[in-house]
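Computed from a predicted structure; not experimentally measured. We name chains A, B, ... by the order of the sequence lines, and we start the count at 1 in each one.
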There are 2 protein chains.
Amino acid sequence: MSSAASLGSMSTAARRARERAQRHQLIITAARELAETEGWEAVTTRRLAERVEYSQPVLYSHFGGKDGIVRAVALEGFTELTAALRRARESVQEHGPEDGTGRTLRAVGMAYWDFAARHPALYQAMFVLPTDLKFAHEETPQALRDAFGEFVAAFDPADPERLAMAEVSWASLHGLTTLGMSGRVPTATQTERIELLVTLLVGGG
Amino acid sequence: MSSAASLGSMSTAARRARERAQRHQLIITAARELAETEGWEAVTTRRLAERVEYSQPVLYSHFGGKDGIVRAVALEGFTELTAALRRARESVQEHGPEDGTGRTLRAVGMAYWDFAARHPALYQAMFVLPTDLKFAHEETPQALRDAFGEFVAAFDPADPERLAMAEVSWASLHGLTTLGMSGRVPTATQTERIELLVTLLVGGG
DNA sequence: ACAGTTGTTCTAGCGGCGCTAGCGAATGGC
DNA sequence: GCCATTCGCTAGCGCCGCTAGAACAACTGT
């Protein structure tokens with residue numbers, strides 16, 4: 001406990017921190033790529049260490065364990081999902097305001113499925129693999145709140161059931177997505193199911 | 001390849017087959033109980049063998065491997081789920097025919113969530129754990145077809161979109177269920193979400 | 001320039017996993 | 001009573017997540 005003694009060269013410490021951050025991201029990216037190409041069951045600490053050309057214990061110095069790595073990948077996924085949903089929502093909303101036919105929700109829903117279909121392993125890390133990431137909780141990471149916020153933003157702010165509608169839409173899309181990804185409903189007709197779901201949710205007949 | 005030679009005593013063979021079937025079920029039940037009390041990650045072939053008081057290889061003589069055991073538990077789950085959904089549906093339909101307010105779907109949806117909440121590990125084996133059980137496939141087990149059939153039966157046979165409606169309702173309920181079970185949406189308000197979903201699906205405003 | 005201290009990475013190994021080869025003991029047929 | 005077959009067991013393979021402690025490198029003050 002030498003307190004603030006031995007601070008060392010500031011720039012040296014900065015460089016080390018930078019290198020460490022780079023390696024941190026390298027591990028996340030390697031785990032994600034390995035999961036996306038061979039599935040999460042192929043992501044072992046040994047194989048991952050070999051990929052990043054460091055020994056196993058290095059992984060444990062960055063993340064608490066394998067769960068921590070999956071968690072980090074999932075968090076990255078939530079940030080990207082939020083960006084994708086926002087892009088879809090804004091691109092629709094700038095072509096005129098919501099007109100009650102669910103144009104916004106349709107665009108967000110399609111973007112949601114598209115995201116999951118393009119990054120199935122990433123989606124699994126976010127929603128399927130066992131994790132301690134909670135949503136409606138005080139210590140929920142901002143990335144998760146933002147993603148949910150995109151669903152909320154697809155509904156009329158004046159709607160008293162706005163939050164509940166966002167929850168139900170999101171969960172329903174999630175159900176369609178997981179069943180589609182695991183091959184339990186045919187993906188060929190997936191967009192039609194999403195169309196139907198959105199139509200029903202926004203009250204169209 | 002001694003064809004039908006060495007048949008042995010018929011009754012003896014029958015007793016053996018009976019005992020083997022009992023042990024088969026014993027393994028399934030033990031795996032299910034262990035999963036329900038300690039989670040699927042605690043279900044290992046070693047622990048399971050200890051529970052049923054046989055050695056590990058016995059498990060492999062009954063099921064191809066751990067996946068086969070999970071699959072057997074899942075199949076049992078589909079049979080029970082079908083029974084639960086049918087009970088709910090018939091108990092509603094015998095109190096008068098469908099009137100367009102989604103009484104049937106509401107009962108089926110509630111029974112669905114109730115089933116998952118009561119047997120979370122069983123539900124996971126059926127829908128979350130990696131498995132090769134396909135749904136819309138030629139060799140889909142009857143138990144799975146029957147479960148889906150209960151959703152179909154909740155809609156008007158005259159509706160041309162009947163099958164699509166069943167798919168979407170089922171997937172949406174599945175989404176609410178998984179997010180509820182993993183703590184991603186609060187379970188305290190889960191029935192309200194299901195109410196809202198059903199209302200939206202059947203076209204109520 | 002150098003000795004000491006601090007921090008970081010690696011080698012090696014623990015217990016447990018899914019799974020299987022091959023042995024030994026019952027069991028039923030001649 | 002001997003043989004053939006069936007059946008469950010012991011033992012072990014290669015892998016897993018994870019960690020203790022050695023080996024090394026880097027930075028410090030003199």
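Atom CG of A:L59 is separated from atom P of D:dG17 by 10 Å (rounded to the nearest Å). Here C:dT9 presents its P atom at 13 Å from CG of A:L26, a figure rounded to the nearest Å. For A:E19 and D:dC27, the CD to C1' distance is 14 Å, given to the nearest whole Å. Taking atom CG of B:L48 as the reference point, atom P of C:dG16 lies 17 Å away to the nearest angstrom. Atom C1' of nucleotide C:dC19 and atom CG of B:D67 are separated by 12 Å, given to the nearest angstrom. In this entry the distance linking CH2 of A:W40 with P of D:dC16 reads 15 Å, nearest Å. One interatomic measurement links the two molecules: NZ of A:K66 to C1' of D:dC15, which rounds to 12 Å at whole-angstrom precision. As a whole-Å value, the separation of A:Y60 OH from D:dA20 P is 12 Å.
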Under 4.0 Å protein heavy-atom contact, by nucleotide of nucleotides 7-14 of chain D - B base, S sugar-phosphate only: SSBB-B--

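Dense packing is recorded around CZ of B:R20, with more than 12 heavy atoms of other residues, nucleotides or ligands lying under 6.0 Å away. Surrounding CD of B:E53 are at most 12 heavy atoms belonging to other residues, nucleotides or ligands under 6.0 Å away.
Here the rule is ring pair (Phe, Tyr, Trp, His ring centres under 6.0 Å) with A:Y123, and of A:W113, A:F78, A:Y112, A:F115 only A:Y112 fits it. Considering B:E150, B:E80, B:E94 as possible partners of B:R86, the one that fulfils the salt bridge (charged side-chain N to carboxylate O under 4.0 Å, His left out) test is B:E150.
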Verify side chain to side chain contact (heavy atoms under 4.5 Å, CB included) between B:L163 and B:F155, making sure each step is shown before the conclusion. CA-CA 9 Å; B:L163 286 182; B:F155 290 94; over 6 Å; no

Going through the distances and angles, do A:T44 and A:L48 end up as a side chain to side chain contact (heavy atoms under 4.5 Å, CB included)? CA-CA 6 Å; A:T44 72; A:L48 191 52; over 6 Å; no

